[in-house]
Number of protein chains: 2
Amino acid sequence: MAKGLRTHGYKLTAQRLAVLQVLREGNEHLTPAEVLDRGRKIYSRLGMTTVYRTLELLRKLGFVRRVHGAEGCRAYAEARERDGHHLVCQACRRVVDFPCSGLNELIEHTARRTGFAVESHLLELAGLCPACQ
Amino acid sequence: MAKGLRTHGYKLTAQRLAVLQVLREGNEHLTPAEVLDRGRKIYSRLGMTTVYRTLELLRKLGFVRRVHGAEGCRAYAEARERDGHHLVCQACRRVVDFPCSGLNELIEHTARRTGFAVESHLLELAGLCPACQ
DNA sequence: GGCCAATTGAAAAGACTTTTCATTTGGAGC
DNA sequence: GCTCCAAATGAAAAGTCTTTTCAATTGGCC
Ligand SMILES: [Mn+2]
Ligand SMILES: [Mn+2]
Ligand SMILES: [Zn+2]
Ligand SMILES: [Zn+2]
């Protein structure tokens, strides 16, 4: 994942590595403020501005996913499944990715019915993880 | 839809009727600020605080849906399809609802695979409407 | 090692949302 | 219709979150 940054021409900085590590170590979704807190334990000079910028960068590169929920729409989790979706535990905030397959049929059917040219989709399931049930 | 307010024990105010009318007249998703602008053409004393409160109320009652997109996550559109999902045009912001059917199979499969007890789901498709293609 | 564009972060600015609280009002009851 | 009061409202203030600015720092190519 760190290699991906270099691949795309971005510098490998301590700040970016710290944010990456934070997102990888937790299986949960985190707000920018939470990423800052945890990131500073890894690299104490980390700043909030950089957290915002880094999270957006990682999202554009596909390493990170945004989680939309009742509590808020600005939380991030590592994207473990390429082009996948995610399932969120409402109790412990754990995030589990799952593959996209099986949705295409529904999307194509809806596209035909409505005449829309569908370019992207967002699917998020919420519930309770095995440990929290 | 206005009847639904009374049914649930809420007062029928000019402000609420104005917000309802705004959401019904546009087929697009609107931010609170846009709802305020348009709502004031119907009821000029409408205030921003009331717009926020009314949009959340209507969402809880199921008359209105939130639209999550690249441009932002706080936009609302009328929920025309009960328990449905929506398709958003990235050009003209038109929103079209479609029924939920066809997704249950995928959800149940994912629930079985992950052990999660799925309680809710969010599905949003984005693309170009027929007129904008 | 030197160089320089990319990156960073503190501070300021900006944007958005919620709370407060005095005033207004819908509608139930008469 | 009129009275009454809890619900609703909105201007202002407060609070929260996010982006911009810009001078200083730094990663990585030479
Ligand atoms: Mn959102
Ligand atoms: Mn559904
Ligand atoms: Zn859990
Ligand atoms: Zn369109």
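By convention in this document, chain letters (A, B, ...) are assigned in the order of the sequence lines, proteins followed by strands, and residues within each chain are numbered from 1.
Across all strands shown, T13(A) has heavy atoms under 4.0 Å from sugar-phosphate atoms exclusively, and none from any base.
Side-chain atoms of H29(A) and H86(A) form no donor-acceptor pair, as typed in the model, at a separation below 3.5 Å.
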Criterion side chain to side chain donor-acceptor pair (under 3.5 Å) on Y76(A) and E56(A), from CA distance to verdict
CA-CA 9 Å; Y76(A) 295 82; E56(A) 259 319 281; 3.0 Å; yes

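Counting only heavy atoms from C-beta on, T49(B) has its side chain closest to dA12(D) among dT18(D), dC29(D), dA12(D). Here the nucleotide nearest the side chain of Q15(B), chosen from dT17(C), dG10(D), dG28(D), is dG10(D). Distances from the side chain of P32(A) to the nucleotides dT7(C), dC29(D), dT18(D) place dT18(D) closest. Comparing dT7(C), dA8(D), dT18(D) by their closest approach to the side chain of Y10(A) singles out dT7(C). Side-chain proximity of R6(A) to dC16(C), dC29(D), dG27(C): nearest is dC29(D).
To the nearest angstrom, P of dT17(C) lies 9 Å from CZ of R66(B). Taking atom OH of residue Y52(A) and atom C1' of nucleotide dT21(D), one finds them 17 Å apart after rounding to whole Å. Between H8(A) atom NE2 and dA6(C) atom P there is a gap of 17 Å when expressed in whole angstrom units. The separation between L46(A) atom CG and dT26(D) atom C1' is 15 Å, rounded to whole Å. The CG atom of L12(B) sits 16 Å away from the P atom of dA7(D) (whole-angstrom rounding). The nearest whole Å value for the distance from the CE atom in M48(A) to the P atom in dT20(D) is 16 Å. The distance between atom CG of L5(B) and atom P of dG27(C), rounded to the nearest whole Å, is 10 Å. In this structure, E34(B) atom CD and dA15(C) atom P are separated by 15 Å, rounded to whole Å.
Within the structure, every side-chain polar atom (N or O) of R53(A) is placed at least 4.0 Å from both OP1 and OP2 of dT18(D). Within the 4.0 Å cut-off from OP1 or OP2 of dG9(C), not a single side-chain nitrogen or oxygen of R45(A) is found. Taking side-chain N and O atoms only, R74(A) has no distance below 4.0 Å to OP1 or OP2 of dT17(C). Listed pair R16(A) / dT26(D) fails the phosphate criterion, with no side-chain N or O lying under 4.0 Å from OP1 or OP2.
Comparing A14(B) and R40(A) against DNA chain C, the residue whose closest nucleotide sits nearer the 5' end is R40(A).
Take R38(B) and apply the side chain to side chain donor-acceptor pair (under 3.5 Å) test, not counting sequence neighbours, and it matches E28(B).
Rounding to the nearest 0.5 angstrom, the gap separating the CG atom in L58(B) from the CZ atom in R65(B) is 13.0 Å. Note that CG of L123(A) and CD1 of I107(B) are 7.0 Å apart. Values are rounded to the nearest 0.5 Å.
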